[in-house]
Amino acid sequence: MTYYVTTPIFYVNGSPHIGHAYTAIAADVIARFKRLDGEDVRFLSGTDEHGQKVEKAARDAGLDPQAFTDRVSAEFRTMLTTLNISNDDFIRTTEPRHKAGATALWEKLFAAGDIYLGHYEGFYAVRDEDFYGEDDLTTLPDGTRIAPTGAPVEWVREPNYLFRLSAYQDRLLAHYEANPDFVGPAGKRNEMLAFIRGGLNDLSVSRSSFRWGIPVPNDPDHVMYVWLDALANYITALGYPAEDTALWRFWPANLHLVGKDIQRFHAIYWPAFLMAAGLPVPRRIFAHGWWTIDGAKMSKSVGNVVDPHDLVAKYGLDAVRFFLLREVPFGNDGDFSHRALVSRFTTELANDLGNLAQRFLSLIAKNCGGLLPEAGPRTEADSELLAAAEALPASLREKIDRQALGEAIEDVWRVIRAGNAYIDHQAPWALRRTDPPRMAHVLRVLADVQRIIATVLLPFMPASMDRMLDQLGVPADQRSFAALSVPLADATKLPPPQGIFPKMVEDTDAKS
RNA sequence: GGCGGCGUAGCUCAGCGGUAGAGCAGGGGAAUCAUAAUCCCUUGGUCGGCGGUUCAAAUCCGUCCGCCGCUACCA
């Protein structure tokens with residue numbers, strides 16, 4: 001089975017922050033999980049590089065738009081590398097393949113009669129080069145209206161191409177009805193439905209007030225409005241309009257992962273564009289929440305914007321990946337703080353998971369000559385623990401399929417806690433005297449359980465769990481769910497145990 | 001204003017018709033293999049207020065209070 005998962009393409013008018021990192025990590029976990037589960041996976045990320053804001057940001061930076069986007073796009077690529085994101089492709093909307101595909105999509109919609117020449121009108125602030133809604137405006141005592149920025153606005157009317165969104169209201173509703181899982185989380189789905197039921201207006205899909213965009217076919221005065229351009233990336237990266245290529249098998253996407261602020265574009269406009277183009281729509285769109293920092297909204301003016309590179313440098317990549325997905329039910333908003341991260345790391349990674357491995361591995365090293373012990377007859381307690389571990393791949397699959405990443409981690413932790421209880425109750429250090437074969441068996445049960453734990457956690461913490469599997473003597477080509485059915489060879493030589501998650505040393509003088 | 005959601009132990013949350021649960025934090029004990037890490041037991045809640053339906057309500061309905069989201073062209 002194919003599985004196609006995407007991040008949004010990141011808008012290059014600013015540098016990467018924790019929000020971008022969050023989307024990328026979550027999508028990466030899902031992509032890695034599906035690969036581990038034997039699926040044929042395509043994982044796409046990229047950058048969204050057109051539009052007035054980019055044009056302006058480039059001008060402010062004293063660069064031409066292409067040079068500017070080259071630079072910022074590279075920052076996002078670097079972020080993905082830093083975060084160990086396993087995307088198969090990275091698309092930029094300024095690439096020829098994208099421009100060609102987006103142009104083809106436009107032509108298709110135009111030919112179908114769903115794009116027509118009309119006009120867009122609204123309150124426009126020349127100083128801000130931006131349109132404003134009536135609700136945003138303030139009327140001064142002398143009757144002039146001003147934007148929130150203080151800039152005076154005027155009513156302008158601009159010729160524009162419009163997309164016949166209104167014609168798709170019923171088809172969208174029917175699709176939502178027939179596919180209850182089309183949009184997640186459920187609350188967001190209701191918002192989308194309410195929006196559609198409220199009536200859809202046609203959508204302006206071109207602009208003539210700036211130049212930095214893909215030219216509208218046969219009308220060079222216009223460029224495509226950024227959303228039509230941007231959303232098309234999900235198919236242009238598969239080679240659209242060519243539908244006979246090897247990559248096209250991945251369409252429709254299984255999952256568009258997005259931030260909650262851009263959900264409407266993905267859950268309403270994008271399916272309508274696809275319907276108009278005669279293409280199947282994505283199977284699911286899931287919106288995740290936002291992070292506050294120490295309880296405060298992240299903003300440039302407050303100066304609390306978190307740079308992913310700084311986080312990784314300070315805490316280590318897998319600690320960050322784990323924290324972001326563990327701390328909060330996926331889909332909810334969360335709060336990031338040093339204290340919370342360190343607490344999660346210490347109790348769950350160091351004490352629960354890391355220490356469990358260290359406990360039985362050091363016993364194997366000392367009492368079994370560092371060789372993986374043989375299994376013996378099972379007691380009820382053995383079977384119970386093993387069964388709980390063996391159930392993990394299936395239970396995680398179900399949770400990953402509804403993007404319940406936090407619940408998936410919780411499932412694993414239940415087994416980890418059971419593992420710590422098991423080793424305490426079995427007390428292999430006492431069996432060493434009284435019943436050495438039973439001791440060997442207990443240690444083997446723990447090794448087998450830990451192997452499953454480390455395997456199912458690979459998508460979340462790839463580098464750390466690879467090291468844990470090294471410690472368990474699992475060959476590099478035996479790290480998949482399918483491989484779990486093949487037991488490790490008895491007497492496999494294990495390397496000397498080494499802590500995977502050494503505790504973070506708190507800087508007691510952090511203020512200086 | 002309209003539509004929707006939430007309010008459960010100190011904290012973060014699960015439960016969504018059958019007389020309250022998890023993790024963390026707090027208290028007591030055990031063990032000593034281990035990153036002084038673990039395990040066992042335990043304190044703690046009139047499940048936002050008030051009414052109603054029901055043999056039975058965090059769980060359904062109404063209402064009030066308090067938060068939050070969406071309400072179109074702004075990634």
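Sequence lines set the chain letters: A, B, ... in the order given, protein chains first and strands last, and positions in each chain run from 1. Everything numeric here is computed off the predicted structure, so don't read it as measured data.
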Enquirer: Want to settle it: does A:A350 or A:H425 sit nearer the 5' end of RNA chain B, counting the closest nucleotide to each?
Expert: A:A350
Enquirer: Tell me, please, which residues at least two apart from A:R164 pass side-chain hydrogen bond (donor to acceptor under 3.5 Å, both in side chains).
Expert: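 A:R164 satisfies side-chain hydrogen bond (donor to acceptor under 3.5 Å, both in side chains) with no residue once adjacent residues are dropped.
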Enquirer: Ignoring hydrogens and angles, are the base of B:A37 and the side chain of A:N351 linked by a donor-acceptor pair under 3.5 Å?
Expert: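 Absent.
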Enquirer: Take the protein atom CG of A:L356 and the nucleotide atom C1' of B:U38, then report the distance between them rounded to whole Å.
Expert: 10 Å
Enquirer: Using the test side-chain hydrogen bond (donor to acceptor under 3.5 Å, both in side chains), find all partners of A:T47 that sit at least two apart in sequence or belong to another chain.
Expert: A:E49, A:S73
Enquirer: Pairs of donor and acceptor atoms involving the side chains of residues 14-21 of chain A, under 3.5 Å and at least two apart or interchain, shall be tabulated with distances.
Expert:
residue, atom, partner, partner atom, Å
A:S15, OG, A:E75, OE1, 2.9
A:H17, ND1, A:G19, N, 2.9
A:H20, ND1, A:H17, N, 3.0

Enquirer: Does A:Y120 make a side-chain N or O approach to OP1 or OP2 of B:A72 shorter than 4.0 Å?
Expert: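 Looking at the OP1 and OP2 atoms of B:A72, neither is under 4.0 Å from any side-chain N or O of A:Y120.
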Enquirer: Give a yes or no on whether a salt bridge exists between A:R402 and A:E407, defined as a side-chain N under 4.0 angstrom from a carboxylate O.
Expert: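 A salt bridge is present here (some side-chain N lies under 4.0 Å from a carboxylate O).
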Enquirer: My understanding is that only residues two or more places apart in sequence, or in another chain, count here; which of them pass side chain to side chain contact (heavy atoms under 4.5 Å, CB included) with A:D466?
Expert: A:L458, A:R479
Enquirer: Donor-acceptor pair, A:D335 side chain versus A:G295 backbone, under 3.5 Å?
Expert: yes
Enquirer: Ring centroids only, cut at 6.0 angstrom: are A:F163 and A:Y168 within range, meaning strictly under it?
Expert: yes
Enquirer: Does any residue of residues 192-201 of chain A have a heavy atom under 4.0 Å from RNA chain B, and if so, which ones, in number order?
Expert: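 A:F195, A:G199, A:L200, A:N201 - these, ordered by number, are the residues of the stretch whose heavy atoms sit under 4.0 Å from the strand.
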Enquirer: Tell me whether A:N420 contacts the main-chain N or O of A:D352 through its side chain, where contact means a donor paired with an acceptor under 3.5 Å.
Expert: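 Checking the backbone N and O of A:D352 against the side chain of A:N420, a donor-acceptor pair under 3.5 Å is found.
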Enquirer: How do A:Y269 and A:D352 order along RNA chain B: which one's closest nucleotide is nearer the 5' end?
Expert: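 Final value for this comparison: A:D352.
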Enquirer: Taking only the C1' atom of each, what is the distance from B:U8 to B:G2 in whole angstrom?
Expert: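 It comes out at 30 Å once rounded to the nearest Å.
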Enquirer: Going by a 90° cut-off around 0, is B:A58 syn or anti?
Expert: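 It is syn.
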Enquirer: For A:N332, which residues count as a side-chain hydrogen bond (donor to acceptor under 3.5 Å, both in side chains) partner, sequence neighbours excluded?
Expert: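 Counting only residues at least two positions away or on another chain, A:N332 forms no side-chain hydrogen bond (donor to acceptor under 3.5 Å, both in side chains).
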Enquirer: Give one of base, sugar-phosphate or nothing for A:F360, where a contact means two heavy atoms less than 4.0 Å apart.
Expert: nothing
Enquirer: Under the 6.0 Å and 45° cation-pi test, does A:R207 pair with A:Y120?
Expert: yes
Enquirer: Using a heavy-atom cut-off of under 4.0 Å over every strand shown, decide if A:L203 touches base, sugar-phosphate, or nothing.
Expert: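 Base contact - A:L203 has a heavy atom under 4.0 Å of at least one base atom.
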Enquirer: Could you pull out all donor-acceptor pairs under 3.5 Å where a side-chain atom in residues 189-197 of chain A meets a protein atom, sequence neighbours excluded?
Expert:
residue, atom, partner, partner atom, Å
A:R189, NE, A:P180, O, 3.1
A:R189, NH2, A:Y176, O, 2.7

Enquirer: Taking any heavy-atom pair under 4.0 Å as a contact, classify A:K260: base, sugar-phosphate, or nothing.
Expert: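 Nothing: the residue A:K260, judged by heavy atoms under 4.0 Å, touches no strand.
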Enquirer: Taking only Watson-Crick and G-U wobble pairs with both distances under 3.5 Å, what dot-bracket line describes RNA chain B, where [ ] shows pairs that cross earlier ones and | shows pairs with another strand?
Expert: ((((((((.[[[[.).....]]]].(((((.......))))).....(((((.......))))))))))))....
Enquirer: Using a 4.0 Å heavy-atom cut-off, does A:G187 contact any base of the nucleic acid, only the sugar-phosphate backbone, or nothing at all?
Expert: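 No contact at all - A:G187 keeps every heavy atom at 4.0 Å or more from the nucleic acid.
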Enquirer: Quick one: sort the A:Y234 and A:H266 rings into parallel, tilted or perpendicular, breaks at 30° and 60°.
Expert: tilted
Enquirer: Does A:R339 pair with A:D294 as a salt bridge, N-O distance under 4.0 Å?
Expert: no
Enquirer: Which part of the nucleic acid, if any, lies within reach of A:S204 when heavy atoms closer than 4.0 Å are counted: base, sugar-phosphate only, or nothing?
Expert: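 Touches a base.
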Enquirer: Using the 3.5 Å cut-off, write out each protein N or O paired with an N or O of nucleotides 8-16 of chain B and the distance between them.
Expert:
none

Enquirer: Mind checking what makes side chain to side chain contact (heavy atoms under 4.5 Å, CB included) contact with A:R71, not counting sequence neighbours?
Expert: A:A61, A:L63, A:F68
Enquirer: Quote, to the nearest angstrom, the P distance that separates B:C60 from B:C6.
Expert: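 That atom pair is separated by 9 Å.
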Enquirer: Looking across every strand, which nucleic acid part, if any, lies under 4.0 Å from A:I500 by heavy atom: base, sugar-phosphate, or nothing?
Expert: base
Enquirer: Scan residues 427-445 of chain A against RNA chain B and write down, sorted by residue number, each residue with any heavy atom closer than 4.0 Å; if none is found, say none.
Expert: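 Close to the strand are A:W429.
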Enquirer: My understanding is that only residues two or more places apart in sequence, or in another chain, count here; which of them pass side-chain hydrogen bond (donor to acceptor under 3.5 Å, both in side chains) with A:R321?
Expert: A:D28
Enquirer: Could you work out the separation of B:G52 and B:G44 based on their C1' atoms and round it to a whole Å?
Expert: 32 Å
